[in-house]
Enquirer: 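Have a look at this one before I ask anything.
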Number of protein chains: 2
Amino acid sequence: MPKETFFNLQNDKRNLIISAAIEEFSKANYNSASINQICKRSDIPKGSFYQYFEDKLDLYVYIMKMAIEEKIRFFSAVITELHDQTLSEQIRFLFIKGLEFAKKYPQYAALGEQFLKENDEAAKAAVIQEGDRQSEALFIHMINNAKEKGEIDNKVDALALSLLLQSLNSAVNRYMLDKFGDISYEHAKEDVNRFVDSLLSIIFNGVRSKFD
Amino acid sequence: MPKETFFNLQNDKRNLIISAAIEEFSKANYNSASINQICKRSDIPKGSFYQYFEDKLDLYVYIMKMAIEEKIRFFSAVITELHDQTLSEQIRFLFIKGLEFAKKYPQYAALGEQFLKENDEAAKAAVIQEGDRQSEALFIHMINNAKEKGEIDNKVDALALSLLLQSLNSAVNRYMLDKFGDISYEHAKEDVNRFVDSLLSIIFNGVRSKFD
DNA sequence: TGACAATATGACCACGTGGTCATATAATAT
DNA sequence: ATATTATATGACCACGTGGTCATATTGTCA
């Protein structure tokens, strides 16, 4: 955790440091990200940095936890609406919300993408500890629920489907990023919706010709 | 391209350098990978390195191209068998072959994984130039082919399905890596086959209960 | 005003980086 | 044996890294 001195800072200054750190850590992995750059960008001397943080890892973990907490907050505000929907609606909902999150907090989304690429085991471990694997658990819960309701076939492998959905989720983000530069769903709301529908239609109806 | 001097080297020495480079570039991204480490590991002086290569990028591109060429060679040796199979069989085939490639050339597979994580735009661009996007084209070709044969529904979005298959392919690899440490398909041949079947069954039959 | 603690600061450290270059050595041709 | 060319080598360079620390500045009590 950052030192007390950091939290005693004026809000403006503290936020400036935070946003400088977010920018740095979302553009380079842990090893390549530079404390010097963060200091320059937030206009604080090197010495001050080490008054505020124990070391590089301290800042990294702090920033990553912020992003994770924001994402959890965003989704838990939304997840209560899911209960009485079909699995298909739930999944569409999560996909679209995922894109909305990336639009609302592009830096946090970028941090997440960067974290997926992280090579440094120590940095990864420090961030994860526990808390991850949650999205997998969420998907599996939704799937089993849908099975009980008879909404999807009991023969469907929950883990396989969950993996499929997760990888799809990041694929959608990457697709948007590739096509529009940023994940700004606004540009092409219809386009995105159509794309998500195509994916969901494949998953729910299968690919096989109905005239088989 | 490496300098002539490099290709005049004795095979042993040249291969030692190559394998040292592969190891380094598969464990760290372009920026973090270290020439010094490569020199140490292959027991050549720094000065010699720069007799053999123009610079770091020169070596990086050379190594990555080797991996790509090996993968293309591996798949093109296999792809002729695909023609008279159904799409489902084709896809299973590619998935399994992908795992086999990762088993046969784990270092090359690791290089590929690392390349997916690459942040350095210049390094990425130098490797790609052209030549990528091939796997996407292959999938789309297979899909459209299957449509013509009436094998899959015409309404299925080829790009969406192609994207789904690609992301799934890397997801399967990652899943195996996660579960077994390395991608040694041998350990759990049945397990893997069952898992791939589950995924394909979802894609082809859809998820929806047949009693709807 | 003086004393004490909290904070701010940048020169400095040891080290690792990609890359250079003068020199030594080996190989080849005359 | 001599001259010429190709190769081998490691000290060296400028720079960037994460991190330290003595000192200067400020804030807060009495």
Side-chain angles (χ1 to χ4, degrees), chain A residues 1-18 20-21 23-25 27-64 118-124 126-127, chain B residues 1-18 20-21 23-25 27-64 118-124 126-127:
Chain A
M1 278 292 274
K3 299 178 185 175
E4 210 190 322
T5 319
F6 177 67
F7 295 107
N8 292 340
L9 248 34
Q10 284 194 335
N11 283 353
D12 281 2
K13 194 169 181 180
R14 198 170 55 246
N15 289 333
L16 187 61
I17 295 173
I18 288 174
E23 183 156 355
E24 186 69 12
F25 283 124
K27 283 186 178 157
N29 67 10
Y30 180 71
N31 190 21
S32 302
S34 156
I35 302 286
N36 286 335
Q37 283 302 317
I38 293 171
C39 288
K40 248 183 224 167
R41 212 170 341 222
S42 55
D43 205 39
I44 58 166
K46 193 70 162 297
S48 295
F49 180 91
Y50 285 93
Q51 296 267 20
Y52 306 147
F53 305 99
E54 298 290 344
D55 51 24
K56 190 183 188 179
L57 190 58
D58 188 25
L59 171 62
Y60 182 71
V61 171
Y62 177 67
I63 293 293
M64 283 302 176
E118 189 51 58
N119 283 109
D120 189 301
E121 291 302 328
K124 260 167 108 168
V127 169
Chain B
M1 275 293 272
K3 299 179 185 175
E4 209 190 323
T5 319
F6 177 67
F7 295 107
N8 293 340
L9 247 35
Q10 284 194 335
N11 283 352
D12 281 2
K13 194 169 182 182
R14 199 171 53 246
N15 289 332
L16 188 60
I17 294 173
I18 288 174
E23 183 156 355
E24 185 70 12
F25 283 123
K27 282 186 178 156
N29 67 11
Y30 181 71
N31 190 21
S32 302
S34 158
I35 302 286
N36 286 335
Q37 283 302 317
I38 293 171
C39 288
K40 247 183 227 168
R41 217 177 328 231
S42 56
D43 204 38
I44 60 164
K46 193 72 160 295
S48 294
F49 181 91
Y50 285 93
Q51 295 268 22
Y52 306 148
F53 304 99
E54 298 290 345
D55 51 25
K56 190 185 189 180
L57 190 59
D58 188 24
L59 171 62
Y60 182 72
V61 170
Y62 177 67
I63 294 294
M64 284 302 176
E118 190 49 59
N119 284 109
D120 189 301
E121 291 302 327
K124 259 166 109 169
V127 169

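Chain identifiers are assigned alphabetically (A, B, ...) following the order of the sequence lines, protein sequences preceding nucleic acid strands; residue numbering begins at 1 within each chain.
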Enquirer: Rounded off to whole Å, could you give me the CD1-to-P distance for the B/Ile35 and D/dC15 pair?
Expert: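 It is 20 Å, rounded to the nearest whole Å.
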Enquirer: Do the side-chain N or O atoms of B/Tyr50 get closer than 4.0 angstrom to the phosphate oxygens (OP1, OP2) of C/dT20?
Expert: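 No, no such contact exists.
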Enquirer: Could you state the CD1-C1' distance from A/Ile44 to C/dG10, rounded to the nearest angstrom?
Expert: 13 Å
Enquirer: Regarding A/Thr5, tell me which of base, sugar-phosphate or nothing describes its non-hydrogen contacts under 4.0 Å with the strands shown.
Expert: sugar-phosphate
Enquirer: Hey, which sits more toward the 5' end of DNA chain D by its nearest nucleotide, A/Ser48 or A/Ser32?
Expert: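 Between the two, 5'-proximity favours A/Ser32.
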Enquirer: Please give, in whole Å, the distance from D/dA8 P to B/Gln10 CD?
Expert: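 My rounded result for the distance is 10 Å.
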Enquirer: Check the distance between D/dG10's C1' and B/Phe49's CZ and give it to me in whole angstrom.
Expert: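 Taking CZ of B/Phe49 and C1' of D/dG10, I get 16 Å after rounding.
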Enquirer: So, is A/Tyr52 close to the C/dT7 phosphate, meaning a side-chain N or O under 4.0 Å from OP1 or OP2?
Expert: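 So the side-chain polar atoms of A/Tyr52 never come under 4.0 Å of the phosphate oxygens OP1 or OP2 of C/dT7.
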Enquirer: Tell me: CZ of A/Phe7 to C1' of C/dT7, nearest whole Å?
Expert: 17 Å
Enquirer: Name the residue closer to the 5' end of DNA chain C, choosing between B/Asp55 and B/Gln51 according to the nucleotide with the nearest heavy atom.
Expert: B/Asp55
Enquirer: Please confirm whether the shortest side-chain N or O distance from A/Asn36 to OP1 or OP2 of D/dT17 is below 4.0 Å.
Expert: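 Yes, within the criterion.
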Enquirer: Could you state the interatomic distance from OH (B/Tyr30) to CG (B/Leu57), rounded to the nearest 0.5 Å?
Expert: 4.0 Å
Enquirer: If the cut-off is 4.0 Å, is B/Lys56 near the phosphate of C/dG18, judged by side-chain N/O to OP1 or OP2?
Expert: yes
Enquirer: Specify the separation, in whole Å, of atom CZ of B/Phe25 and atom C1' of C/dG18.
Expert: 12 Å
Enquirer: Check whether any side-chain nitrogen or oxygen of B/Ser34 sits under 4.0 Å from OP1 or OP2 of C/dT17, and answer yes or no.
Expert: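 Yes, B/Ser34 has a side-chain N/O under 4.0 Å of OP1/OP2 on C/dT17.
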Enquirer: How long is the straight-line distance from CZ of A/Arg14 back to OG of A/Ser42, given to the nearest 0.5 Å?
Expert: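 One finds 13.5 Å between OG of A/Ser42 and CZ of A/Arg14.
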Enquirer: Using the ring of each side chain (for Trp, its six-membered ring), is B/Phe6 parallel, tilted or perpendicular to B/Tyr62, with breaks at 30° and 60°?
Expert: perpendicular
Enquirer: Taking all atoms of both residues into account, what is the closest heavy-atom pair of B/Lys3 and B/Gln51, and its distance?
Expert: CD-O, 3.1 Å
Enquirer: Considering non-hydrogen atoms only, spot the tightest contact between A/Phe7 and A/Pro2 and give its length.
Expert: CE1-O, 3.6 Å
Enquirer: Nearest whole angstrom, please: distance from the P of C/dT7 to the CG of A/Leu9.
Expert: 9 Å
Enquirer: So, is A/Asn8 near the phosphate of C/dA6, with a side-chain N or O under 4.0 Å from OP1 or OP2?
Expert: no
Enquirer: In this structure, how many angstroms lie between the C1' atom of C/dT20 and the NZ atom of B/Lys46, rounded?
Expert: 10 Å
